[in-house]
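Read through the structure below, which is laid out as structure tokens, and then see the notes.
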Amino acid sequence: TLHHHYSALQTIILLESYCGTFHFHFVAVETMISHTFILRVILSLFVSGLSSSQSIPELCTDVNRGDCSCGSGDIKTYVFQPGNYKRCIHTYIPENANSLPVLISVSAYGQGTLFRGSEAVAKANYYGYALFGIGSTGPFDGARDFGLQFPADGVVNHLNPTPCSESDTREYTYIKGILDFIDDNDALDASRVYFEGFSQNSMFAAYASVCFADRVAGLWQGGSGLVKTFHRPIYPGLKGQCSESDFSISGNQCCNDDFCTDCTWWPIYPRTCENKLVDCIAAYTNDNIACGTDWYMYEAMVAEGNDARMLSFSNTASIPGGHRNPENKFSWVVGCLGIVDSCSSACEQSFLGCVSSSGGWEEFARCEGELEMGNLANCVVGCAPTLEMLKTSETPLINLSEGKFGTQSGLDIATTPQQPNCAKPFGTFDEVGYGNRGCRPANVVGPAEGEIESCTDSTPAPAVTLTPAPIASTPAPVTSTPVPSSTSSSTCHDSTLRLKVLWNERLIMRGCTWVANKATIQ
């Protein structure tokens, strides 16, 4: 029954425990509300529920395109609405395709549009794989106007290392819909799906790959890796140091005032259990955003039994390095991941004979052009360059956790992996200082710590070293008074409960430590 006026609006905040028990706490918000407002709320919830249903991607037309830009010619765009926003899948599938591998390129500062005549499309045609471009049609509400939503309000820890559900991010059903689309296309090989991206785009590629590790073969992370809380380098947007909602409110000040003591990693910890990924992690040593995060991801991938391949490039007189992909990027991507078969040993020798003694990225490109034209003996046109071939372009520090590169095996295994020689130091704040990004948390004991839950009840979790940050200072104990509740509630301890609420279309998750630090209970 709806009355004309109400003296209070009861706002429901859901406390979800990890054992599946739910408790409700009601907070009175004094306001006057007419029945018209209530009806509008109910109607908006109903419409939202209808719009959130999964739909099947359809070929883009002027009628159904929404904010998507329809492709033309051999660039075909498909549109669907996996949630509240219409999303696009831009595709290039070479002619006469038959069970082709798929490379999904993330570009979320836009909608991931593909362009005819671009290097990305030309390389897909040459090597023989399908190329998908994905991104966002908005809202562009992430750091630096990034449009794809990262999960769990940026709060990732041992209790929730892989926040992979529809409730964690609006993009979950988008990625699922893309993979379903691949499954339903006979021209594509759903067992050979790869993601790639650069910087924040590659962080999202890592999120998608880990969450769907049972459907993804590998990923290329250019200019990124894994962010660790209370560690440098500090990622733009203070990812991993603050929750996304706190950063949106306080900006850089959030690191000082609202440091995330419930956080451990960002954007996801690579717990893939029985599903194993190939992760090619590439950064320049003078990339002050990424160098160090590449090492953190390499360590985590190896700890979880994944095939990690770290490439640490150094700048030279002719290559400035910095925050960028290596020269001949797609040759490195295809060669490292093994999207297509690696060139034979005989072809490798022909290629090395083509490259002049001085080598360099331009010489590599010239000789790969010779290979493409069929001018190199013993080479199959379109084979993926081997590691030795690629080293004529640039020679990075290489760590191969399983002695594999592309479809090659039997290479040197990094039994004692080498850390990248970063231009700026990386490590815990207490080891290497805070840096110059204005992140100086006060009265903080470091990141959230604890054992990660086993993949199965019967299988112990792999040994994962969670190195605690030294204590900067000891916070004063917080004495709390129980909050009256209209229903029963559970005791909050050790962050086993999470407060979840939708705010500005983001799922905000908070634990007990955050509540205590906020001193919301007087």
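The shortest non-hydrogen separation linking Gly335 to Leu390 is CA-CD1, 4.3 Å. What you find for Asp262 and Asn157 is that their closest heavy atoms are O-ND2, 2.6 Å. Contact detail for Ala384 and Tyr127: the closest heavy-atom pair is CA-CE2, 4.3 Å. Here the closest heavy-atom approach between residue Pro101 and residue Ile339 is recorded as CG-O, 3.5 Å. Contact between Arg192 and Asp189 at its shortest, heavy atoms only, is NE-OD2, 2.9 Å.
Between the side chains of Asp153 and Ser245, at least one donor-acceptor pair of N or O atoms lies under 3.5 Å. For the residue pair Asn64/Thr61, the side-chain donor-acceptor check at 3.5 Å is satisfied. A side-chain N or O of Gln221 and one of Ser224 form a donor-acceptor pair less than 3.5 Å apart. A donor atom on one side chain and an acceptor atom on the other are not found under 3.5 Å apart for Thr386 and Ser342. A donor atom on one side chain and an acceptor atom on the other are not found under 3.5 Å apart for Ser312 and Asp294. For the residue pair Ser105/Glu196, the side-chain donor-acceptor check at 3.5 Å is satisfied. For the residue pair Glu304 / Tyr269, a side-chain donor-acceptor distance below 3.5 Å is found, with atom types taken as modelled.
Sulfur-to-sulfur, Cys60 and Cys88 sit at least 2.5 Å apart at their SG atoms. The sulfur atoms (SG) of Cys367 and Cys354 lie less than 2.5 Å from each other. Between Cys260 and Cys242, the gamma sulfurs sit at a distance of 2.5 angstrom or greater. In this structure, Cys291 and Cys422 have their SG atoms less than 2.5 Å from one another.
The line from NZ of Lys404 to SG of Cys336 is 13.0 Å long, rounded to the nearest 0.5 Å. If you take CD1 on Ile175 and CD1 on Ile104, they are separated by 7.0 Å, rounding to the nearest 0.5 Å. Rounding to the nearest 0.5 angstrom, the gap separating the CG atom in Asn201 from the CZ atom in Phe146 is 4.5 Å. To the nearest 0.5 Å, the span separating CD1 on Ile398 from CZ on Phe313 amounts to 8.0 Å. Atoms CD1 and OG, on Ile134 and Ser107 in that order, are 9.5 Å from each other to the nearest 0.5 Å. From Ile452, atom CD1 reaches atom CG of Leu159 across 10.0 Å, with rounding to the nearest 0.5 Å.
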Run Gln419 and Tyr298 through side chain to side chain donor-acceptor pair (under 3.5 Å) and show every step you take.
CA-CA 10 Å; Gln419 293 188 8; Tyr298 179 85; over 6 Å; no

Check step by step if ring-ring contact (aromatic ring centres under 6.0 Å, His included) holds for Tyr296 and Trp265.
CA-CA 10 Å; Tyr296 301 150; Trp265 308 280; over 10 Å; no

Check the pair Cys383 / Cys347 against disulfide bond (SG atoms under 2.5 Å apart), numbers first and verdict last.
CA-CA 9 Å; Cys383 65; Cys347 175; 4.0 Å; no

Would Asp168 and Ser165 count as a side chain to side chain donor-acceptor pair (under 3.5 Å) here? Give the steps.
CA-CA 5 Å; Asp168 288 309; Ser165 71; 2.8 Å; yes

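Between the Glu451 side chain and the His158 main chain, no donor and acceptor come within less than 3.5 Å of each other. Checking side-chain atoms of Glu431 against main-chain N and O of Thr428 turns up a donor-acceptor pair under 3.5 Å. Side-chain atoms of Thr169 never come within 3.5 Å of backbone atoms of Pro151 as a donor-acceptor pair (strictly under, hydrogens ignored). In this structure a side-chain-to-backbone donor-acceptor pair under 3.5 Å is present from Ser55 to Gln81. Although no hydrogens or angles enter the test, the distance criterion places no donor-acceptor pair under 3.5 Å between the side chain of Asn306 and the main chain of Ala308. Although no hydrogens or angles enter the test, the distance criterion places no donor-acceptor pair under 3.5 Å between the side chain of Glu372 and the main chain of Tyr126. In this structure a side-chain-to-backbone donor-acceptor pair under 3.5 Å is missing from Arg271 to Pro161. Within the 3.5 Å criterion, the main-chain N or O of Pro163 finds a donor-acceptor partner in the side chain of Tyr207. The backbone N or O of Ala377 sits less than 3.5 Å from a side-chain atom of Ser350, completing a donor-acceptor pair.
Between Phe364 and Phe351, the gap from one ring centroid to the other is short of 6.0 Å. In this structure, His90 has its ring center no closer than 6.0 Å to that of Phe132. Between Tyr172 and Phe212, the distance from one ring center to the other falls under 6.0 angstrom.
When the options Asp279, Ile281, Asn325 are evaluated for a side-chain contact (heavy atoms from CB on, under 4.5 Å) with Trp220, the one that passes is Asn325.
Residues Thr264 and Val156 have side chains not in contact (no heavy-atom distance under 4.5 Å, counting atoms from C-beta outward). Within the 4.5 Å cutoff, no side-chain heavy atoms of Ser209 are placed close to those of Phe204. Put simply, the side chain of Asn399 does not reach to within 4.5 Å of the side chain of Arg309, judged on heavy atoms. Side-chain contact between Ser393 and Glu363: absent, with no pair of heavy atoms (C-beta onward) separated by less than 4.5 Å. Looking at Ile89 and Phe80, their side chains come closer than 4.5 Å, going by heavy atoms from C-beta outward. Proximity of Leu219 to Tyr194: side-chain heavy atoms (C-beta onward) are nowhere separated by under 4.5 Å. Put simply, the side chain of Gln149 does not reach to within 4.5 Å of the side chain of Ser136, judged on heavy atoms. Under the 4.5 Å side-chain criterion, counting only non-hydrogen atoms from C-beta, Pro420 is in contact with Phe426.
A salt bridge links Lys123 and Glu368; the closest N-O separation between the charged side-chain nitrogens and carboxylate oxygens is under 4.0 Å. Contact check on Glu171 versus Arg87 returns a salt bridge, with a Lys/Arg side-chain nitrogen under 4.0 Å from an Asp/Glu carboxylate oxygen. Salt-bridge formation is detected for the pair Glu244/Lys239: a Lys NZ or Arg NE/NH1/NH2 atom is positioned less than 4.0 Å from an Asp or Glu carboxylate oxygen. Asp287 and Lys424 are not joined by a salt bridge, as no carboxylate oxygen comes within less than 4.0 angstrom of a charged side-chain nitrogen. Classification of Glu58 and Arg65 as a salt-bridged pair fails, no side-chain N sitting under 4.0 Å from a carboxylate O.
Ring-plane geometry between Trp332 and Phe405 is classed as perpendicular, the angle between the planes exceeding 60 degrees on a 0 to 90 degree scale with a lower cut at 30.
Taking a 6.0 Å sphere around CG of Asp74, one finds it holds more than 12 heavy atoms contributed by other residues, nucleotides or ligands. Other residues, nucleotides and ligands contribute over 12 non-hydrogen atoms within 6.0 Å of the CG atom of Asp183. Counting heavy-atom neighbours within 6.0 Å of Asp214 CG, excluding the residue itself, gives a total above 12.
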